[in-house]
Amino acid sequence: MKYDIVIGLEIHVALLTESKFLCSCATAFGAPPNTQCCPVCLGLPGALPLVNEQAVEYAVRAGLALNCEINHFSRFDRKNYFYPDLPKAYQITQDVFPICTNGYLEYYIDDVLRRTTITRLHLEEEAGKLVHSSGSIVDSEYSLVDYNRAGIPLIEIVTAPDITSPRQARLFLEQLRLLMLYMGVSDTKMEEGSLRCDANISLKPAGSTVLGTKVEIKNLNSFRALERALEYEAARQSRVLEQGGEIKQESRTWDERSGRTLSMRSKGDAPDYRIFPEPDLPPLRLEPDWVFRIRETLPERPLERLHRLEESYGLSRYESTFLVNYADFCQVFLELAEEGEDNTDLANLLMGDYARLAREQGHLEPQRLAGLLQILQEGLITHNQGKAVLEELFKSPLSAREIVKEKGWEVLKDPAQLKGVVQQVLTANSELVERYRGGEEKLWGFFVGQVMRTVQGKADPQMVNELLKGELTQKS
Amino acid sequence: MIDRQDVMRMARLARLELSEEEIELYQRDLNSFLVSGRKLQQVDVSKVEGTSHAVAVIGELRPDVVGESLPQEAVLGAGPQVFNGFFKVPRIVEGQE
Ligand SMILES: [Zn+2]
């Protein structure tokens with residue numbers, strides 16, 4: 001039987017605040033363990049939490065970017081459970097009244113614009129960090145806990161189950177990550193855990209409207225892990241169903257090493273969170289004016305930028321996508337590009353040799369790069385020499401024009417001078433000239449090569465070709 | 001009615017160890033709460049908005065400024081087992097196919 005895949009995602013995004021969500025402990029990554037904790041984030045008796053205004057603003061910004069409704073009334077709830085990464089034995093979250101609801105995210109799949117519904121977005125606090133003795137939660141004898149991360153503000157974003165393939169899930173998540181980065185609400189580093197994704201996946205007979213039993217996959221800490229885990233899980237569920245088995249509703253963890261999902265059998269009871277309104281925090285009320293100001297100052301979204309690069313700067317989808325994905329390159333591009341013109345040359349320069357050098361050594365002053373483009377356009381140097389000048393720009397403080405002058409790299413522009421070189425080469429190889437004229441046309445390349453070598457590459461190849469043509473046909 | 005099993009389950013969720021006498025005591029107490037609750041249910045609240053907080057305070061927000069944290073020794077002092085600046089906890093889950 002053929003099955004349709006149904007996927008929904010839950011994404012946790014750590015917000016870029018300086019201090020934690022409900023206390024003033026620092027959020028900086030990499031501090032010694034358990035040095036950024038206080039009575040509030042450890043849940044010591046008598047401590048009173050206060051909501052970080054910046055966290056609320058970031059959540060609203062993210063919600064607006066995701067086309068959500070911003071709820072002027074939202075409420076915090078207490079979710080009770082025992083787990084070693086939770087020092088208070090409860091998590092402050094938003095259950096019944098989240099801050100944002102009912103939005104969507106648009107993204108491309110092979111040039112087709114797709115839309116995934118965002119069911120809700122809510123604020124909550126991060127848990128501590130567990131380090132497992134054997135590297136994996138499933139077979140560790142003991143775990144170590146660091147509560148520096150406990151209490152960092154998070155937003156949890158929940159999608160509707162309308163993603164239909166593992167690849168689509170990855171493309172969605174890539175676009176979401178980029179959006180959060182553009183909004184400046186998170187550094188979205190999956191390797192540091194500031195962007196995490198859990199996936200729910202079920203299968204149903206092709207075309208059926210009845211959903212199958214879903215399985216939750218955790219521990220997906222890269223785009224690749226998300227796609228691979230979903231592929232593995234879809235195949236596993238399909239195999240179970242083919243053999244007449246039943247899918248058990250459960251949580252599974254992705255095991256990178258074996259490339260499999262493994263069932264997580266909890267030692268305790270089935271979860272019973274006994275959620276109730278958080279007594280230590282009053283409800284959150286947002287002033288419409290305040291929300292309006294955030295909406296007015298919302299940064300450009302990646303998809304808007306993509307379309308702008310295509311429409312106003314004459315770039316292809318491929319070039320635009322590169323620039324949208326690498327905002328630092330895009331900044332250089334936008335500084336140098338001419339709106340309303342074709343900026344393909346600039347984009348290609350940035351994507352090619354410049355990208356390699358800039359990634360190793362950091363970006364150039366855009367104006368120095370502009371100088372290189374200028375002399376290329378003037379024909380002062382050949383395209384090949386442009387690469388050498390670019391290398392020099394990263395090493396030397398001189399401008400592109402000064403480098404060319406200092407190295408003596410100007411193209412021989414005087415046809416008379418170049419003609420002399422061409423004639424010299426042909427005279428020196430008179431035997432080969434005879435053979436060429438006798439029909440050995442492949443010798444053409446040899447003559448071009450000899451001329452270029454004589455002028456150390458500083459000739460316009462087109463001019464060399466024309467002069468050679470003149471000389472070789474003239475006297476026959 | 002709250003039975004003995006309910007009390008034991010609630011105690012387990014809250015990590016409370018109850019003696020036989022305490023189980024009976026709390027079962028009796030919790031059932032008397034339910035009796036009071038049933039009385040309240042007779043009140044007509046169809047025109048009253050739901051309340052989650054005793055006082056109607058507007059949420060006061062805090063500016064995003066870093067303050068002092070506790071020293072590491074003080075933080076770790078609350079844990080029964082520590083290792084290299086971390087709290088140490090026993091095995092959490094068991095994996096299977
Ligand atoms: Zn704290």
Side-chain angles (χ1 to χ4, degrees), chain A residues 17-19 22-28 32-39 42 44 50-56 75 80-84 89 128 130-132 136-147 253 255 260 262-267 269 272 274 276-277 279 281-285, chain B residues 2-3 5-18 26 30 33 37 48-97:
Chain A
T17 53
E18 300 287 325
S19 63
L22 302 168
C23 65
S24 62
C25 289
T27 56
N34 297 303
T35 54
Q36 293 172 172
C37 308
C38 75
L42 292 172
L44 302 186
L50 271 180
V51 173
N52 184 337
E53 181 174 21
Q54 188 66 62
V56 179
R75 197 182 74 193
N80 300 277
Y81 62 98
F82 287 96
Y83 202 75
L130 294 171
V131 182
H132 304 298
S136 161
I137 190 171
V138 286
D139 50 11
S140 288
E141 281 309 312
Y142 64 89
S143 297
L144 300 175
V145 199
D146 173 11
Y147 290 126
T253 183
D255 186 48
R260 292 183 305 174
L262 304 173
S263 179
M264 292 167 81
R265 193 176 52 189
S266 170
K267 281 178 130 179
D269 296 301
D272 179 347
R274 293 151 294 144
F276 58 85
L281 287 173
L284 192 58
R285 288 172 205 277
Chain B
I2 287 177
D3 62 22
Q5 290 302 318
D6 294 326
V7 177
M8 284 164 66
R9 174 175 161 72
M10 281 185 267
R12 205 164 52 240
L13 283 170
R15 301 293 195 270
L16 292 175
E17 208 175 320
L18 300 184
Y26 289 129
L30 287 167
F33 290 165
V48 182
E49 234 183 274
T51 307
S52 59
H53 291 74
V55 281
V57 203
I58 300 293
E60 197 174 318
L61 302 178
R62 177 179 65 80
D64 183 23
V65 178
V66 175
E68 288 269 309
S69 295
L70 291 173
Q72 195 191 47
E73 314 82 74
V75 174
L76 293 175
Q81 257 196 308
V82 297
F83 177 76
N84 273 351
F86 292 91
F87 291 94
K88 189 174 170 184
V89 299
R91 185 186 186 90
I92 300 165
V93 293
E94 288 172 66
Q96 58 171 40
E97 255 310 277

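Each chain gets a letter, A, B and so on, in the order its sequence line appears, and its residues count up from 1.
In this structure, Val65(B) and Ser24(A) have side chains that are not in contact, with every pair of non-hydrogen atoms separated by 4.5 Å or more. Side chains of Leu284(A) and Leu61(B) form a contact here, defined as non-hydrogen atoms less than 4.5 Å apart. Taking 4.5 Å as the limit, some side-chain heavy atom of Val89(B) sits within range of a side-chain heavy atom of Ser143(A).
For the residue pair Pro63(B) and Asn52(A), the shortest heavy atom distance occurs at C-OD1, 4.4 Å. Of all heavy-atom pairs spanning Asp146(A) and Phe86(B), the tightest one is CB-CE2, 3.7 Å. Of all heavy-atom pairs between Ser69(B) and Ala26(A), the closest is OG-N, 4.4 Å.
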Would you sort out whether Asn84(B) and Leu144(A) count as a side chain to side chain contact (heavy atoms under 4.5 Å, CB included), showing the intermediate values?
CA-CA 9 Å; Asn84(B) 273 351; Leu144(A) 300 175; 6.0 Å; no
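Of the listed residues Phe276(A), Tyr142(A), Phe82(A), the one with more heavy-atom pairs under 4.5 angstrom with chain B than any other is Phe82(A).
At distances below 3.5 Å, not a single donor-acceptor pair connects side-chain atoms of Asn34(A) with backbone N or O atoms of Gln72(B).
Ring geometry for Tyr147(A) versus Phe87(B): interplanar angle of 30 to 60°, hence tilted.
To the nearest 0.5 angstrom, Glu73(B) atom CD is 10.5 Å from Thr35(A) atom OG1.
Under the side chain to side chain contact (heavy atoms under 4.5 Å, CB included) test applied with Asp272(A), the options Met10(B), Arg9(B), Arg12(B) reduce to a single match, Arg9(B).
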